[in-house]
Amino acid sequence: MRYWLVKSEPDVFNFADQMALGPHGAEWHGIRNYQARNNMRLMAVGDLAFFYHSNIGKEIVGICEVVGTSHPDSTTDDPRWDCADIRGIRPMPVPVTLQMCKTDPRLSGMVLVNNTRLSVQPVAPDEWAVICQMGGLRE
DNA sequence: GCCAACGTTGGC
DNA sequence: GCCAACGTTGGC
């Protein structure tokens, strides 16, 4: 069981859009970066992921669950690109901002803080717990 | 809108 | 295989 963080620009696809897809979710398509793709290939059903709004908001706004493992990206014929399937689970009671993550010394090693450009990234279990707490969730 | 930090492409 | 040029992401 792993933890992840996925980024989306909320004016293109936000967490409400993700929740609106329902319990079966949808593929997390459009990823054209090897590192991000490799992370998606590691996703297992039942893994959890934070949903992060990049550019606008710059905050973790919800929690998702992996419901399907890696398969070819339906939005391209290029065989290099795969994606996993994801559904929305619940919004964060309190969005956790990038600023909060940068400020908290317990999160100083987070990929979100140190590698701004990676759009699908792993989250360490202790980081997951800290952010859930900050976001008003008991986890 | 700018630009830093990366990633990718393609010539050699 | 190196590296310059270019493209993209995403914070500010």
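Any value given below was found using the heavy atoms of this structure, including those in side chains, with hydrogens, waters and symmetry copies removed. Each chain gets a letter, A, B and so on, in the order the sequences are listed, and its residues count up from 1.
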Once side chain to side chain donor-acceptor pair (under 3.5 Å) is applied, what residue pairs with a partner in residues 45-54 of chain A remain, sequence neighbours excluded?
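Pairs touching residues 45-54 of chain A that pass the test: A/Trp4-A/Asp47.
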
Which pairs, with at least one residue in residues 58-69 of chain A and sequence neighbours excluded, count as a side chain to side chain donor-acceptor pair (under 3.5 Å)?
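Side chain to side chain donor-acceptor pair (under 3.5 Å) check on residues 58-69 of chain A returns A/Glu65-A/Arg87.
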
Considering residues at least two apart in sequence or located in another chain, which fulfil the salt bridge (Lys or Arg N to Asp or Glu O under 4.0 Å) criterion with A/Asp85?
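Counting only residues at least two positions away or on another chain, A/Asp85 forms no salt bridge (Lys or Arg N to Asp or Glu O under 4.0 Å).
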
Residue list, salt bridge (Lys or Arg N to Asp or Glu O under 4.0 Å) with A/Asp78, at least two apart or on another chain:
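For A/Asp78, the residues satisfying salt bridge (Lys or Arg N to Asp or Glu O under 4.0 Å) (neighbours in sequence not counted) are A/Arg80.
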
Using residues 101-116 of chain A as the side-chain source, report each donor-acceptor pair under 3.5 Å to any protein atom, sequence neighbours left out, with the distance given to one decimal.
| residue | atom | partner | partner atom | Å |
| --- | --- | --- | --- | --- |
| A/Thr103 | OG1 | A/Gln99 | O | 2.7 |
| A/Thr103 | OG1 | A/Gln99 | NE2 | 3.4 |
| A/Asp104 | OD1 | A/Arg106 | N | 2.8 |
| A/Asp104 | OD1 | A/Arg106 | NE | 3.1 |
| A/Asp104 | OD2 | A/Arg106 | NE | 3.4 |
| A/Asp104 | OD2 | A/Arg106 | NH2 | 2.8 |
| A/Ser108 | OG | A/Pro105 | O | 3.1 |
| A/Asn114 | ND2 | A/Ser108 | O | 2.9 |
| A/Asn114 | ND2 | A/Met110 | O | 2.8 |

Could you encode protein contacts along nucleotides 3-11 of chain C as a string, one character per nucleotide from 5' to 3', using B for base contact, S for sugar-phosphate-only contact and - for no contact, with a heavy-atom cut-off of under 4.0 Å?
----BBBBB

